[in-house]
Amino acid sequence: MSGEDLSLKKFEISVSEAEKRTGKTAMNMQETYTAYLIESRLLDAHHEGLSSLDCVWRRYSEFELLRTYLCVTYPFVVVPPLPEKRAEFVWHKLSADNMDPDFVERRRIGLENFLLRVASHPVLCHDKIFASFLNQENGWKDALNEAGLQVKTDSRLKSLSATFRVKNPDKRFTELKHYSDELQSVISHLLRVRARVADRLYGVYKVHGNYGRVFSEWSAIEKEMGDGLQSAGHHMDVYAASIDDILEEEEHYADQLKEYLFYAEALRAVCRKHELMQYDLEMSALDLASKKQQCEELATGTVRTFSLKGMTSKLFGQETPEQREAKMKLLEEQIEEGQEQVKVQNEESRMPGWRSNVLRIRRTGT
């Protein structure tokens with residue numbers, strides 16, 4: 001199954017099962033994890049060299065690795081988010097254990113949605129490593145190493161402080177970043193409030209379960225009111241039990257809000273990567289300007305700004321014409337390389353992918 005053939009019109013992708021497994025870590029420690037069965041079914045069986053069904057097992061950490069690769073390889077794409085690794089914004093009745101069956105099932109659905117969204121993306125769906133993730137049990141990680149993922153991932157660390165150093169940030173991406181920050185803040189607050197309200201509501205409903213027990217016991221010692229008390233106790237029990245279904249339905253809406261939360265973070269990541277690219281461009285332009293000035297000073301024999309080299313020349317004498325010519329030649333080569341680098345970085349910052357992303361997000365608001 002090649003990247004060019006990946007399309008929702010041709011393939012059906014599902015995460016059909018979740019299985020609890022045990023294994024050993026790199027430190028030879030025992031660990032328990034959940035593996036997920038990915039089935040990618042070929043709908044059009046007339047393509048040569050393609051199997052009609054591929055089945056592979058993947059851990060959550062492998063999904064994380066795939067998404068990291070997509071983020072660093074396609075910096076202008078808002079890569080679909082993964083479901084949460086551990087339960088967040090939970091109220092006390094819900095388990096925060098990532099092995100809890102209900103949580104594993106919600107995560108299975110989230111992982112399936114992630115794959116379907118990547119497969120339907122006009123750019124990501126053609127990626128060969130994504131294709132190998134779906135149909136190669138082991139070999140796909142070797143392709144990641146060949147793609148130099150670690151080098152690209154390390155470069156992302158520079159983006160942490162680039163925000164504070166960009167002199168001329170792109171207004172469009174600044175607006176998008178503010179939008180995503182505000183969206184993330186509002187949804188986080190809403191989910192925290194919802195968890196607190198769910199706790200209180202659950203407590204109020206369950207108190208009626210205690211009343212139901214009291215009424216049932218009371219009915220046993222009351223002859224004239226026994227039937228009425230028994231009926232009241234039954235209604236109290238039904239009322240107390242109804243909160244479970246109510247909050248379970250609410251949990252589905254909370255999961256959808258979390259998707260918006262994770263998408264906001266994905267949008268912020270794109271803005272941070274653009275800031276890093278803008279910062280690299282500004283640094284290259286400054287370096288190029290500095291080299292041009294040095295070359296001009298060597299050519300004219302004048303120093304317009306204070307420098308340690310200028311003071312050294314005054315103290316120990318001027319350079320010989322041969323030394324000056326060699327330095328000028330080296331600077332000219334560096335200037336030529338710098339101009340090419342600035343040109344490439346300018347083209348990258350103006351890639352159609354960046355602009356189309358901005359326009360699409362502005363139109364849809366997501």
Side-chain angles (χ1 to χ4, degrees), residues 15 17-20 31-36 59-61 63-64 67 80-114 117 178-220 228-269 365-366:
V15 180
E17 292 182 33
E19 182 178 281
K20 186 176 179 180
E31 68 169 343
T32 303
Y33 61 91
T34 304
Y36 299 88
R59 297 180 57 170
Y60 182 86
S61 58
F63 281 90
E64 286 183 310
R67 188 176 184 277
L82 290 169
E84 55 193 344
K85 188 168 188 174
R86 291 179 177 79
E88 299 176 4
F89 306 105
V90 296
W91 49 288
H92 83 279
K93 184 178 179 291
L94 287 183
S95 173
D97 181 12
N98 59 358
M99 293 294 174
D100 178 72
D102 291 335
F103 174 74
V104 169
E105 174 59 18
R106 292 202 308 275
R107 186 200 271 179
R108 181 196 66 77
I109 295 171
L111 293 174
E112 181 174 289
N113 287 336
F114 165 75
R117 287 165 179 162
H178 289 163
Y179 164 75
S180 61
D181 286 342
E182 185 177 358
L183 180 62
Q184 199 169 26
S185 175
V186 169
I187 294 178
S188 296
H189 180 68
L190 179 60
L191 287 169
R192 282 193 293 269
V193 170
R194 183 260 165 186
R196 290 198 296 268
V197 170
D199 271 329
R200 294 179 182 178
L201 197 60
Y202 183 79
V204 169
Y205 270 73
K206 290 308 178 183
V207 163
H208 287 77
N210 296 332
Y211 292 150
R213 187 165 53 253
V214 170
F215 275 96
S216 295
E217 292 173 358
W218 190 5
S219 68
L229 291 171
Q230 183 69 30
S231 177
H234 172 71
H235 286 296
M236 290 287 184
D237 290 337
V238 172
Y239 181 77
S242 66
I243 189 61
D244 294 323
D245 292 334
I246 293 172
L247 293 182
E248 184 177 347
E249 184 177 356
E250 275 190 13
E251 203 61 36
H252 293 298
Y253 293 111
D255 286 340
Q256 293 177 34
L257 281 174
K258 288 178 182 179
E259 284 202 343
Y260 278 96
L261 182 68
F262 301 148
Y263 259 112
E265 175 56 33
L267 179 56
R268 289 179 74 245
T366 57

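Basis for what follows: all heavy atoms, side chains included, without hydrogens, waters or symmetry-related copies.
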Inter-residue atom distance Ser188.OG - Leu183.CG, 0.5 Å rounding: 9.0 Å
By ring-ring contact (aromatic ring centres under 6.0 Å, His included), which residues pair with Tyr211, not counting sequence neighbours? His208
Hey, are the side chains of Ser216 and Gln230 touching, using non-hydrogen atoms and a 4.5 Å cut-off? yes
Residues that Glu259 engages under salt bridge (Lys or Arg N to Asp or Glu O under 4.0 Å), provided they are two or more places apart: Arg117
Indicate yes or no: at least one non-hydrogen side-chain atom of Tyr205 is less than 4.5 angstrom from one of Ile246. yes
Please report the closest heavy-atom contact between Tyr60 and Pro83, naming both atoms and the distance. OH-O, 2.6 Å
Quick note, salt bridge (charged side-chain N to carboxylate O under 4.0 Å, His left out) partners involving residues 210-219, not counting sequence neighbours, are none
What's the shortest heavy-atom distance between Ala232 and Phe215, and which atoms? CB-CD2, 4.1 Å
Using the salt bridge (Lys or Arg N to Asp or Glu O under 4.0 Å) criterion, which residues pair with Arg67? Sequence neighbours excluded. none
Is it true that a side-chain atom of Ser231 and a backbone atom of Gly228 form a donor plus acceptor pair closer than 3.5 Å? no
Flag the pair His252 / Ile109 as yes when at least one side-chain heavy-atom distance between them is below 4.5 Å, and no otherwise. no
Taking the side chain from Gln184 and the backbone from Ala264, do they hold a donor-acceptor pair closer than 3.5 Å? no
Is Arg59 positioned over the aromatic face of Tyr36, cation under 6.0 angstrom from the ring centre and no more than 45 degrees off axis? no
Please identify each residue that fulfils side chain to side chain contact (heavy atoms under 4.5 Å, CB included) with Phe63, with sequence neighbours left out. Ile38, Arg58, Leu82, Leu111, Phe114, Leu115, Phe133
Can you list everything that forms a salt bridge (Lys or Arg N to Asp or Glu O under 4.0 Å) with Glu64? Sequence neighbours excluded, please. Lys85
Roughly how far, to the nearest 0.5 Å, is CD of Gln256 from OH of Tyr260? 8.0 Å
Residues Glu84, Phe262; criterion side-chain contact (heavy atoms from CB on, under 4.5 Å); working and verdict: CA-CA 9 Å; Glu84 55 193 344; Phe262 301 148; 3.8 Å; yes
For the CG atom of Leu190 and the OG atom of Ser185, what is their distance to the nearest 0.5 Å? 11.0 Å
Please find the pair of heavy atoms, one from Gly209 and one from Asp237, that lie closest to each other, and give the distance. O-OD1, 3.7 Å
Heavy atoms, side chains only, cut-off 4.5 Å: are Glu19 and Thr34 in contact? no
Quick one: are Val193 and Arg196 in side-chain contact, heavy atoms under 4.5 Å? yes
Can you tell me how far the CG atom of Leu201 sits from the CD1 atom of Ile243, to the nearest 0.5 Å? 4.0 Å
Are Glu265 and Leu261 packed together at the side-chain level, in the sense that at least one heavy-atom pair is separated by less than 4.5 angstrom? no
Mind running salt bridge (Lys or Arg N to Asp or Glu O under 4.0 Å) on Asp244 and Lys206 for me, showing each step along the way? CA-CA 10 Å; Asp244 294 323; Lys206 290 308 178 183; 3.4 Å; yes
Sidechain-backbone polar pair: Arg268 side chain, Asp181 backbone, donor-acceptor under 3.5 Å: no
May I ask you to test the Arg194-Glu251 pair for a side-chain heavy-atom distance under 4.5 Å? yes
Look up atom OG in Ser219 and atom CG in Leu229, then write down how far apart they are to the nearest 0.5 Å. 6.0 Å
State the OH-CG distance between Tyr253 and Leu257, to the nearest 0.5 angstrom. 11.0 Å
